[in-house]
Structures are given as structure tokens and as C-alpha cells.
Amino acid sequence: MTDINKQFFEAFMLIDINRMLNVEECPAAMKGGKNKRGWNEWKAIPGNLSVDLYYDLEKEFNVLLPESFINWHRSHFFMNAETQILRLPISHPDQPLKHLREIWEWVIPEKLIPQKLYPFGSEGNDTGPFVFDGRKPVAHNEFPVRVYDHEYFGDLKGLSPVIFSSFTKLLECQIHFTTELNKDRNDYEIIPEFFRIDPNGAGKTGKDYWNGWAGMMKANADDLAAENDE
């Protein structure tokens with residue numbers, strides 16, 4: 001069986017800019033040297049955090065995390081997990097779960113968590129956090145993923161429709177996105193392919209959201225092409 005977590009990091013590391021780092025912040029074991037462009041790089045290494053650390057943090061903040069998210073986050077130590085469309089919390093071996101903790105210490109999560117909406121990352125366009133919608137119990141806490149517009153400050157009017165049916169489907173779509181970007185495809189052409197990968201989330205209630213992203217990306221590409229023609 002394919003290890004989806006390993007596959008995620010292998011695909012993510014194909015994009016050069018994802019591997020740039022502030023060397024002083026990187027543990028020695030994660031320094032990858034310089035690439036052909038002369039950039040300092042980091043490398044993901046196997047993780048060794050106990051699952052109990054995650055359970056303890058869940059209890060501290062009164063959150064529930066999908067089993068798939070915990071397995072992904074503890075599978076590696078990594079210095080970046082950001083693409084154009086999302087940002088996920090890093091895992092630094094010298095600061096276990098620091099970045100996940102920082103997500104929940106913010107004022108917006110303090111308002112969302114009592115409503116069983118559990119932030120775990122943020123949207124790439126700075127709308128607000130990605131959240132697991134835990135309002136309906138599901139096996140292994142494999143909750144659907146939504147975006148919350150932080151300007152609504154806890155009001156549920158700021159909650160988007162489901163954009164991924166689960167964290168596993170989020171990973172599958174991200175693997176596809178980064179893999180295809182590495183083939184020099186246009187980002188706006190890749191996004192609609194999420195509909196096939198996650199027909200019950202991205203391809204259903206999330207269609208308008210992702211079509212909005214594709215449209216914005218296409219407009220940006222057209223503007224850049226027009227500037228280059230001048």
C-alpha cells in the first residue's frame with residue numbers, strides 16, 4: 001500500500017522554492033546543502049513524536065484531530081508545508097508541536113473550538129484558517145474540511161461549504177497539485193482536477209470555492225502575460 005504521507009513530502013519537495021530556508025532555524029540533521037541555484041535547502045526527515053503528545057495537546061485545547069492528520073504530521077519533521085492554496089503547521093524536532101499549539105492560541109480558534117470547528121492550518125489567500133468540522137461525529141475523527149473567514153470573528157456566517165471531504169483527500173489533492181506543477185503545468189488547469197480526486201468534497205460542495213481559485217489564478221496569469229507583452 002502506498003504511504004500517502006511519504007508521497008506527500010516527496011511531491012512537495014519537487015518544488016524548489018518549498019525547500020528554501022533560514023539556515024539558522026534549521027537543525028543540522030535537516031540541512032540539505034545548496035541546490036543548483038545556490039539556495040540553502042532543508043530536507044524532511046522521519047518523525048519520532050509519540051501519538052500521546054498529540055492526544056495530550058487535544059485535551060489541553062479541547063480539540064479533536066483526524067487520525068489521518070496526526071499520522072501525517074508525526075510521520076516527518078519538516079520546515080515548510082505551504083503551497084499557493086494552503087499552509088499547514090510545520091514539525092520542528094527541537095520544538096515539538098509548537099506551531100500546532102500556536103494555531104490554537106489565536107483569538108479566532110478560541111471562538112471556533114467551542115463550536116467544534118478545529119483549526120489546523122490556513123488558506124493560502126489569507127482568508128482565514130482551514131478547519132475540521134467536528135459537529136457530526138465520524139469514525140476516527142475523519143472530519144470534512146472547510147475554510148473560515150476570520151473577519152466574521154467566530155460567527156458561523158464565515159464558514160465555507162466543505163472543500164475537502166477529509167484530510168486524506170486534502171493530501172491526495174495536494175500531491176496531485178505539486179506533482180503537476182513540477183511538470184510546468186498551469187496551476188489554474190490543475191485545480192479543477194480536484195473534482196475527480198475528491199468527488200464528495202472538492203467536486204461537490206467545494207466546486208464554487210475551487211473554481212474561484214482557478215479563475216483567480218487564470219486572471220493573474222493573463223495579467224502577467226499582458227505585462228510581458230508590453
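In terms of modelled atom types and a separation under 3.5 Å, the side chain of Glu58 and the main chain of Leu65 share a donor-acceptor contact. The backbone N or O of Ala81 lies less than 3.5 Å from no partner atom in the side chain of Gln174, so there is not a single donor-acceptor pair. Between the side chain of Thr127 and the main chain of Glu123, no donor-acceptor pair closer than 3.5 Å is present. Using modelled atom types, no side-chain atom of Arg135 and backbone atom of Lys116 make a donor-acceptor pair closer than 3.5 Å. Proximity of a side-chain donor or acceptor of Glu189 to a complementary backbone N or O of Arg185 within less than 3.5 Å is not detected. Between the Ser122 side chain and the Pro129 main chain, no donor and acceptor come within less than 3.5 Å of each other.
Side-chain contact between Trp42 and Met13 is present, with heavy atoms from C-beta onward closer than 4.5 Å. Using a 4.5 Å heavy-atom cutoff, the side chains of Ser68 and Lys169 are not in contact. Looking at heavy atoms from C-beta onward, Val145 lies out of side-chain contact with Val162 at the 4.5 angstrom threshold. Contact annotation: the side chain of Asp187 never approaches that of Trp213 to less than 4.5 Å [non-hydrogen atoms, C-beta and beyond]. Under the 4.5 Å side-chain criterion, counting only non-hydrogen atoms from C-beta, Pro144 is not in contact with Ser165. Between Thr168 and Trp72 there is no side-chain heavy-atom pair separated by less than 4.5 Å. Side-chain contact between Glu172 and Ile4 is present, with at least one heavy-atom pair separated by less than 4.5 Å. Between Asp126 and Arg87 the shortest side-chain heavy-atom distance falls below 4.5 Å.
Closest approach of Ile103 and Pro109 over heavy atoms only: O-CG, 3.0 Å. Pro27 and His92 make their closest contact through CG-CE1, 3.5 Å (heavy atoms, listed as atom of the first residue, atom of the second, distance). Nearest heavy atoms, Met217 versus Ile191: SD-CG1, 3.8 Å.
A centroid separation of less than 6.0 Å is found between the aromatic rings of Trp210 and Phe164. Checked against the 6.0 Å centroid threshold, Phe61 and Tyr118 do not count as a close aromatic pair. Aromatic pair Phe167/His140: centroids not less than 6.0 angstrom apart. Residues Phe120 and His73 place their aromatic rings such that the two centres sit no closer than 6.0 Å.
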When you look at Asp198 and Cys173, which way does the side-chain contact (heavy atoms from CB on, under 4.5 Å) test go after all the steps?
CA-CA 8 Å; Asp198 182 21; Cys173 288; 4.3 Å; yes
Please report the C-alpha distance between Lys31 and Glu41 in whole Å, then the side-chain angles of each, then the deciding distance to 0.1 Å, and finally whether the salt bridge (charged side-chain N to carboxylate O under 4.0 Å, His left out) criterion is met.
CA-CA 6 Å; Lys31 291 180 180 178; Glu41 292 186 332; over 6 Å; no
Please lay out, stage by stage, how Glu60 and Tyr55 fare under the test side-chain hydrogen bond (donor to acceptor under 3.5 Å, both in side chains).
CA-CA 9 Å; Glu60 180 181 347; Tyr55 295 157; over 6 Å; no
Step by step, would you call Lys218 with Asp222 a side-chain contact (heavy atoms from CB on, under 4.5 Å)?
CA-CA 6 Å; Lys218 179 65 164 60; Asp222 289 345; 3.0 Å; yes
Report the C-alpha distance between Val138 and Phe143 in whole Å, list the side-chain angles of each, state the deciding distance to 0.1 Å, and finish with yes or no for side-chain contact (heavy atoms from CB on, under 4.5 Å).
CA-CA 7 Å; Val138 292; Phe143 304 123; 3.5 Å; yes
Begin from the C-alpha positions of Glu82 and Leu88 and carry the test side-chain contact (heavy atoms from CB on, under 4.5 Å) through to its verdict.
CA-CA 6 Å; Glu82 178 178 337; Leu88 298 175; over 6 Å; no
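Rounding to the nearest 0.5 angstrom, the gap separating the CZ atom in Phe132 from the OG atom in Ser166 is 9.0 Å. Between Asp52 atom CG and Leu57 atom CG the span is 12.5 Å, to the nearest 0.5 Å. Rounding to the nearest 0.5 Å gives a distance of 12.5 Å between CG of Asn211 and CE of Met216. Once rounded to the nearest 0.5 Å, the distance linking OG of Ser91 with NE2 of His76 reads 10.5 Å. For the atom pair Gln7 CD and Ile175 CD1, the distance stands at 4.0 Å (nearest 0.5 Å). Note that the NE2 atom of His176 and the CG atom of Leu171 stand 14.5 Å from one another [nearest 0.5 Å].
Each of Phe130 and Ile197 belongs to its own hydrophobic cluster when Ile, Leu, Val, Met, Phe, Trp and Tyr are linked at side-chain heavy-atom distances under 4.5 angstrom. Tracing side-chain contacts under 4.5 Å through hydrophobic residues (I, L, V, M, F, W, Y), one reaches Met79 starting from Phe77; they form part of the same cluster.
The salt bridge (Lys or Arg N to Asp or Glu O under 4.0 Å) analysis of residues 142-167, with sequence neighbours excluded, yields the pairs Asp133-Arg146.
Considering only residues two or more places apart in sequence or on other chains, Lys136 meets the salt bridge (charged side-chain N to carboxylate O under 4.0 Å, His left out) condition with none of them.
Aromatic ring pairs are classed by plane angle as parallel below 30°, tilted from 30° to 60° and perpendicular above 60°; the pair Phe194 and Phe177 is perpendicular. Note on ring orientation: taking the six-membered ring where Trp is involved, the planes of Phe78 and Phe9 are tilted (angle from 30° to 60°).
Connectivity analysis of hydrophobic side chains (ILVMFWY, heavy atoms under 4.5 Å, direct or indirect) links Leu159 to Trp106, Val107, Ile108, Leu112, Leu117, Val131, Tyr148, Tyr152, Phe153, Leu156.
Residue-environment remark: CG (Asn186) exceeds the threshold of 12 foreign heavy atoms within 6.0 Å.
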